[in-house]
Amino acid sequence: MCVSFIREIHTEKPLTHCPCSLEPSVLLIISFSLFSNVSLQCFMNSVLQCLSNTHDLRDYCLRNSHRTDLNNNCRAKAALMEEFAKLTQTLWTSASSEAISPSDFKMQIQKYAPRFVGYNQQDAQEFLRFLLDGLHNEVNRVTVKPRSLMEDFDHLSDDEKGKRMWNKYLESEDSKVVDLFVGQLKSSLTCSECGFCSTVFDPFWDLSLPIAKTSGEVSLMDCLRLFTKEDVLDGNERPTCHRCKTRRKCTKKFTIQKFPKILVLHLKRFSECRVRTSKLSTFVNFPLKELDLREFASDNSVNAVYNLYAVSNHTGTSLGGHYTAYCRNPCTGEWYTYNDSRVSPMSSSQVRSSDAYVLFYESATSSRL
């Protein structure tokens, strides 16, 4: 298990300036920076590098736009967002060969989520969820959340119901983080007796995809089809049909109602037991470009094509392992591998592996490829 990052650059290319989409007066150094040995665990390292290469989130920090949101909300305690922004700014603007110390950031994430106190190895996807939730809460544009009122949307069409539910969500949860990472799932429940279909719409920050147990290779589309396949609810699982007013055998199916700008896909490699006892090392073949998800959309006319820009990898077993990151630089489009002791250029052909754990995709309409 790793507990630190040491700066040791291994690259044949010199550092170059990168204005990207920022103002012409702002010149940035390509992010080869790693973290110093301050006991920042590798699951944190991996996630932070993936988020650092999330173009719009990076620019949000570099432009100090987060401070506008903080000031508008008059928040006295927003240290996590401030430290995350400082860390991102240092990664992308420092021309020094000195290592970066993320100790202040680590202190703040531990205050927000005490489960990350200490140096135990933990799950990268869980850390990502806690971190994004913490950042969102501090830059939430909603300062006074409205009272939760029960509203009847069942008389509306599914499309209008989905829009109403999304707007209702934004009445309480509205931030730059939501703008980027949150989508909406549609769950359809159909009674096998009367055929009545009820729908529920819920926001999602990532999708946890099951992996078919096989000795061979599976595709990411296989995992998505397994996630969205129609399930039969019978026996003790039978829900109550709104029309029949009694428990009936039903079928349940997920589709995606609203696609986020940044789509985070978590591959469920670990058992769902309280204590992890096994890990699936199945090779999941995922596309680097043009992941077309229109097949899973509630509305077939939706443009839902994505390009990969980062991967959080886990090597090892359920008892112990190591996290690394593969990231595509948003300025140059070149891929790099981030490990505890080095950052190195890599070929795009090396990005796919059986260690891939969390995949970061951006909408092709905003992709910098």
ask   = Going through the distances and angles, do Ile256 and Leu207 end up as a side chain to side chain contact (heavy atoms under 4.5 Å, CB included)?
value = CA-CA 10 Å; Ile256 301 177; Leu207 297 178; 4.0 Å; yes

ask   = If you draw a 6.0 Å radius around NZ in Lys168, do more than 12 non-hydrogen atoms from other residues or ligands fall strictly inside?
value =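 Yes, NZ of Lys168 has more than 12 neighbouring heavy atoms, counting only those of other groups under 6.0 Å.
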
query = Around atom CD of Glu217, are there more than 12 heavy atoms of other residues, nucleotides or ligands at under 6.0 Å?
reply =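 Buried by this count: over 12 neighbours within 6.0 Å.
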
Main chain of [Y], side chain of [X]: is a donor-acceptor contact present, judged purely on distance under 3.5 Å?
{"X": "Arg164", "Y": "Phe153", "value": "no"}
{"X": "Gln108", "Y": "Ser103", "value": "no"}
{"X": "Ser52", "Y": "Leu48", "value": "no"}
{"X": "Arg269", "Y": "Thr282", "value": "yes"}
{"X": "Lys145", "Y": "Val142", "value": "no"}
{"X": "Arg248", "Y": "Asp234", "value": "no"}
{"X": "Lys252", "Y": "Thr190", "value": "no"}
{"X": "Gln184", "Y": "Gly162", "value": "yes"}
{"X": "Ser65", "Y": "Cys61", "value": "no"}
{"X": "Ser219", "Y": "Asp222", "value": "yes"}

request  = Please lay out, stage by stage, how Leu80 and Phe105 fare under the test side chain to side chain contact (heavy atoms under 4.5 Å, CB included).
outcome  = CA-CA 7 Å; Leu80 179 60; Phe105 167 81; 3.8 Å; yes

Assess the side chains of [X] and [Y]: does a donor N or O sit below 3.5 Å from an acceptor N or O?
{"X": "Trp335", "Y": "Ser347", "result": "no"}
{"X": "His66", "Y": "Glu138", "result": "no"}
{"X": "Asn285", "Y": "Arg352", "result": "yes"}
{"X": "Glu334", "Y": "Asn329", "result": "no"}
{"X": "Asp174", "Y": "Tyr169", "result": "no"}
{"X": "Lys176", "Y": "His136", "result": "no"}

query = So which residues get pulled into Leu233's cluster when ILVMFWY side chains under 4.5 Å apart are joined, directly or through others?
reply =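 Besides Leu233, the cluster holds Leu189.
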
Establish whether [X] and [Y] are linked, either directly or via other cluster members, by ILVMFWY side-chain heavy-atom contacts under 4.5 Å.
{"X": "Tyr309", "Y": "Val305", "result": "no"}
{"X": "Met165", "Y": "Val178", "result": "no"}
{"X": "Leu265", "Y": "Phe283", "result": "no"}
{"X": "Phe201", "Y": "Val182", "result": "no"}

Is any NZ, NE, NH1 or NH2 atom of the basic residue among [X] and [Y] found under 4.0 Å from an Asp or Glu carboxylate oxygen of the other?
{"X": "Glu173", "Y": "Arg141", "result": "no"}
{"X": "Lys253", "Y": "Asp231", "result": "no"}
{"X": "Glu160", "Y": "Lys163", "result": "no"}
{"X": "Glu126", "Y": "Arg115", "result": "yes"}
{"X": "Glu295", "Y": "Arg225", "result": "yes"}
{"X": "Asp69", "Y": "Arg67", "result": "no"}

Atom pair [atom1]/[atom2] of [X] and [Y] - distance to nearest 0.5 Å:
{"X": "Thr251", "Y": "Lys229", "atom1": "OG1", "atom2": "NZ", "value": "11.5 Å"}
{"X": "Cys50", "Y": "Arg328", "atom1": "SG", "atom2": "CZ", "value": "12.0 Å"}
{"X": "Glu237", "Y": "Cys250", "atom1": "CD", "atom2": "SG", "value": "11.0 Å"}

How far apart are the closest heavy atoms of [X] and [Y], and which atoms are they?
{"X": "Ile109", "Y": "Met44", "value": "CG2-CE, 4.2 Å"}
{"X": "Ser46", "Y": "Thr324", "value": "OG-O, 2.8 Å"}
{"X": "Val139", "Y": "Ser175", "value": "O-CB, 3.6 Å"}

Should [X] and [Y] count as side-chain neighbours, where that means a heavy-atom distance under 4.5 Å?
{"X": "Gln125", "Y": "Ser208", "value": "yes"}
{"X": "Pro260", "Y": "Tyr361", "value": "no"}
{"X": "Leu209", "Y": "Leu226", "value": "no"}
{"X": "Leu132", "Y": "Asp206", "value": "no"}
{"X": "Val351", "Y": "Phe286", "value": "yes"}
{"X": "Val47", "Y": "Phe43", "value": "no"}
{"X": "Cys241", "Y": "Cys194", "value": "yes"}
{"X": "Phe127", "Y": "Gln122", "value": "no"}

ask   = Thr199 and Lys161: side chain to side chain contact (heavy atoms under 4.5 Å, CB included), yes or no, with the steps?
value = CA-CA 9 Å; Thr199 55; Lys161 186 177 180 181; 3.4 Å; yes

task = Could you go through the ring-ring contact (aromatic ring centres under 6.0 Å, His included) check for Phe130 and Phe116 one step at a time?
result = CA-CA 10 Å; Phe130 274 96; Phe116 298 115; 5.6 Å; yes

ask   = In a check of side chain to side chain donor-acceptor pair (under 3.5 Å) between Lys186 and each of Thr255, Asp159, Asp158, Asp299, which one passes?
value =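 Looking at Thr255, Asp159, Asp158, Asp299, the match for Lys186 under the side chain to side chain donor-acceptor pair (under 3.5 Å) is Asp158.
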
key: Residue pair Asp292, Tyr306: steps toward the side chain to side chain donor-acceptor pair (under 3.5 Å) verdict   = CA-CA 7 Å; Asp292 191 341; Tyr306 287 86; over 6 Å; no

message = Quick check with a 6.0 Å cut-off and a 45 degree axis cone: is Arg129 positioned over the face of Trp205's six-membered ring?
response =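 Judged by the rule (NZ or CZ under 6.0 Å from the ring centre, within 45° of its axis), Arg129 is not positioned above Trp205.
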
message = For a side chain to side chain donor-acceptor pair (under 3.5 Å) check, start with the C-alpha distance between His322 and Thr315, then their side-chain angles and the critical distance, and finish with the verdict.
response = CA-CA 5 Å; His322 177 59; Thr315 57; 5.7 Å; no

key: Ring centroid separation Phe254 to Phe227 under 6.0 Å   =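 Yes: the rings meet the under 6.0 Å criterion.
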
query = Taking the inter-plane angle between the rings of Tyr323 and Tyr357 on a 0 to 90° scale, is it parallel (under 30°), tilted (30 to 60°) or perpendicular (over 60°)?
reply =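 Correct class here is tilted.
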
Residue pairs, two or more places apart or on separate chains, that pass ring pair (Phe, Tyr, Trp, His ring centres under 6.0 Å) and touch residues 179-198 =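 Output for this query is empty, none listed.
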
Verdict with reasoning, Lys213 to Leu280, per side chain to side chain contact (heavy atoms under 4.5 Å, CB included) = CA-CA 8 Å; Lys213 294 183 179 180; Leu280 288 174; 4.1 Å; yes

request  = Could you check Glu193 against Arg238 for salt bridge (Lys or Arg N to Asp or Glu O under 4.0 Å), going step by step and ending with a plain yes or no?
outcome  = CA-CA 12 Å; Glu193 185 71 22; Arg238 288 183 300 169; over 6 Å; no

